[in-house]
Amino acid sequence: MTNADFEKIVDTTDEWIRSRTGIQERHVVEPGTPTSELAVRAAHEALERRGILPSDVDLIIVATVTPDMVFPATACIIQDKLKATRAWGFDISAACSGFLYALTMGAQFIETGAHKKVLVIGADVMTSILDYTDRTTCVLFGDGAGAVLLEPSDGEAGILDFFHEVDGSGRCYLHMPAGGSAMPTSRETVEKRLHFVRQEGGQVFKYAVRKFVEASRLLLERNGLTPDQVDCFVAHQANGRIIDAASERLGLPEGKVVKNIHKYGNTTAATIPLALATALDERRLKDGDLLLMASVGAGFTVGSVLARWSRFAWD
Ligand SMILES: CC(C)(COP(=O)(O)OP(=O)(O)OC[C@H]1O[C@@H](n2cnc3c(N)ncnc32)[C@H](O)[C@@H]1OP(=O)(O)O)[C@@H](O)C(=O)NCCC(=O)NCCS
C-alpha cells in the first residue's frame, strides 16, 4: 500500500508521510489473514535456509501484539501449522521491543543447555488494529513477519549481552484501549473506536530517540566497546527520523545503519528480523560482525542486544 493510496482515504500527502517518517509503502495482508499465517511462512523459510525440519525445533517464542486471538497463544497455532511436533512455545507481548525480548529469552534457553534449537518469531498484522480514519496512526504501520533460529555456538559468535527496561508510566502514549479485562469489548467500545492503535506521536518520538541512545551506549560501555567498533546497527523501524537522530547521536555513520522502513513501514515485532534480512540481502552483515540492535515500543518497553554475528546458508 503506497502513500498515494492513503491520499485517497485520509487527508494526507505522500510528501508529508515521506518527510515525517521516511515511509513510502507498506505491505498489507488480505483482510482476515491471521498473524500465524505470516509467521509460519517466515519460520518455514528460516528452517529451510538452515536445512532442518520443523520437528527439530525445541521451542517457539512469538513476539506479537496482534495474536490470532486472545487465547490460545499464537505460538500454539504456529506449532500446529508448522508441524513442529516436539516444540513447546509461548507468546510475549512487548510491542515493538517484542522481538528483542523474545530473542533474549530464547538465548537463555540455549545458554542453560536446556534447548538446542529455538525459533524466535516477530510477527504482526497491524492492519487488523488500525483506524483508517485516523491519519496520525494509519499511515505508519504495515504487516510483516520475520524469524530467526537460535542454536548453541562454539566460537565467539552469539548473543553477547542485553539491556532491557520498561517504563510503564508511558503506557498511555501508545496503546489499544479496549478488548482486555480493563475494558471488555462492548457495543460502546466498538462505536467509540477503542479497538484501534491510539498514539501521541510526539511523546513517543522524543522518548524513542533518547532511549535508543541510552540503551545502546550503556550496552557498549559495559562491554568495553565504543560505537566505532560496531559493524552494523539494526534499530526498530518506527520512523526514519528517529533512526537518523539516534545513530547520529551515537556517532554511527550511515553505512553501518540498516533502514528498510521506506518499504515496510512499522511492522512492530517484525521490524528487526526484517531489517536483519535486508542487511543480509545487501551484504551489510557478515560473519564475525559486531551487531547492535535496539528498540523502543509501547509500554514503554526498551531493548538493546549486542551480538557477534554468525549465520548459515543465506544464499
Ligand atoms: C507520528 C509522527 C510521524 C508525527 O510527526 P510529527 O513531526 O511529530 O508531527 P506532529 O504530531 O507534530 O503533527 C504535525 C501536524 O501534522 C498533522 N498530521 C499528522 N498525521 C498526518 C498525516 N498522516 N498527514 C498529514 N498531516 C498529518 C497533525 O495533525 C499536526 O497538525 P496540526 O499541527 O495542525 O495539529 C511522529 O511523531 C512519530 O513518528 N512519532 C513516533 C511514532 C512511533 O515511532 N511509533 C511507534 C513507536 S514504537
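Counting starts at 1 for both ligands and their atoms, following the listed order.
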Query - Nitrogen or oxygen atoms of T12 and ligand 1 under 3.5 Å apart - result: yes
Query raised in the report: Heavy-atom distance from atom 39 (O) of ligand 1 to the protein below 4.0 Å?
Result: yes
Requested in this report: May I ask whether A208 places a heavy atom under 4.0 Å from ligand 1?
Outcome: no
**Report entry** Atoms of ligand 1 close to R20 [distance to a heavy atom under 4.0 angstrom, numbered from 1]
**Finding:** 6 (P), 7 (O), 9 (O), 14 (C)
Requested in this report: Measure from atom 4 (C) of ligand 1 to every heavy atom in Y173, F205, W16, F300 and give the option owning the shortest one.
Outcome: W16
Report task. Give a yes or no on whether a salt bridge exists between D289 and K286, defined as a side-chain N under 4.0 angstrom from a carboxylate O. Result -> yes
Query raised in the report: Which of the atoms in ligand 1, numbered in the order shown and given with their element, are less than 4.0 Å from a heavy-atom of N239?
Result: 3 (C), 38 (C), 39 (O)
Report summary line: closest protein heavy atom to atom 11 (O) of ligand 1 is G202 N, 4.9 Å
**Report entry** Pair K259 + E254: basic N to acidic O under 4.0 Å
**Finding:** no
Query raised in the report: So between A298, G201, S97, G22, whose heavy atom ends up nearest atom 37 (O) of ligand 1?
Result: G201
Report summary line: Closest to atom 1 (C) of ligand 1 among protein heavy atoms sits L140 CD1, 4.0 Å
Query raised in the report: Taking heavy atoms and a distance under 4.0 Å, where does I242 meet ligand 1: side chain, backbone, both or neither?
Result: side chain
Query raised in the report: Quick check, are the ring centers of W16 and F6 under 6.0 angstrom apart?
Result: no
Report task. Please identify which atoms of ligand 1 are closer than 4.0 Å to at least one heavy atom of T21. Result -> 3 (C)
Query raised in the report: Quick one: does atom 21 (C) of ligand 1 have a protein heavy atom under 4.0 Å from it?
Result: yes
Query raised in the report: By number and element, which atoms of ligand 1 are closer than 4.0 Å to a non-hydrogen atom of H236?
Result: 48 (S)
Query raised in the report: For ligand 1, which atoms have a heavy atom of Q199 less than 4.0 angstrom away?
Result: 42 (C), 43 (C), 45 (N), 46 (C)
**Report entry** Distance-minimising heavy-atom pair for I272 and S295
**Finding:** CD1-CB, 4.0 Å
Query raised in the report: What residue pairs, at least two apart or across chains, pass side chain to side chain donor-acceptor pair (under 3.5 Å) with a residue in residues 174-187?
Result: none
Query raised in the report: Strictly by modelled atom types, are T226 and Q229 linked by a side-chain donor-acceptor pair under 3.5 Å?
Result: yes
Requested in this report: Return each pair, listed once, that meets ring pair (Phe, Tyr, Trp, His ring centres under 6.0 Å) where at least one residue sits in residues 227-269; pairs must be two or more places apart or across chains.
Outcome: H27-Y264
Query - D124 side chain to T64 side chain, donor-acceptor N/O pair below 3.5 angstrom - result: yes
**Report entry** 4.0 Å protein heavy-atom contact status of atom 9 (O) of ligand 1, strictly under
**Finding:** yes
Report task. May I ask whether atom 30 (C) of ligand 1 is less than 4.0 Å from at least one protein heavy atom? Result -> no
Query raised in the report: Could you walk me through whether V230 and L225 pass the side chain to side chain contact (heavy atoms under 4.5 Å, CB included) check?
Result: CA-CA 8 Å; V230 173; L225 295 161; over 6 Å; no
Query raised in the report: When you check the gap from the basic side-chain N to the acidic O, do R41 and E45 get nearer than 4.0 Å?
Result: no
Query - R241 neighbourhood, listing ligand 1 atoms whose heavy-atom distance to it stays under 4.0 Å - result: 7 (O)
Query raised in the report: When you measure from atom 17 (C) of ligand 1 to every protein heavy atom, which one gives the shortest distance, and what is it?
Result: R135 NH2, 3.6 Å
Requested in this report: Please identify which atoms of ligand 1 are closer than 4.0 Å to at least one heavy atom of V204.
Outcome: 43 (C), 45 (N), 47 (C)
Query raised in the report: Distance only, no hydrogens: is a donor on one side chain within 3.5 Å (strictly under) of an acceptor on the other, for T127 and D143?
Result: yes
Report summary line: In ligand 1, the atoms that come under 4.0 Å of a heavy atom of C96 are 48 (S)
Query raised in the report: Would you say atom 24 (N) of ligand 1 touches the protein, meaning some protein heavy atom is under 4.0 Å from it?
Result: yes
Query raised in the report: What is the nearest protein non-hydrogen atom to atom 44 (O) of ligand 1, stated with its residue, atom name and distance?
Result: A238 CB, 3.1 Å
Query raised in the report: Side chains of S97 and H164: does their closest heavy-atom pair fall under 4.5 Å?
Result: no
Query raised in the report: Which is it for N266 and ligand 1 at heavy atoms under 4.0 Å: side chain, backbone, both or neither?
Result: side chain
Query raised in the report: Can you find a non-hydrogen atom of I17 under 4.0 Å from ligand 1?
Result: no
Requested in this report: Decide, yes or no, whether a salt bridge links R193 with D131 under the criterion of side-chain N to carboxylate O below 4.0 Å.
Outcome: yes
Query raised in the report: Between the side chains of K83 and S55, is a donor N or O closer than 3.5 angstrom to an acceptor N or O?
Result: no
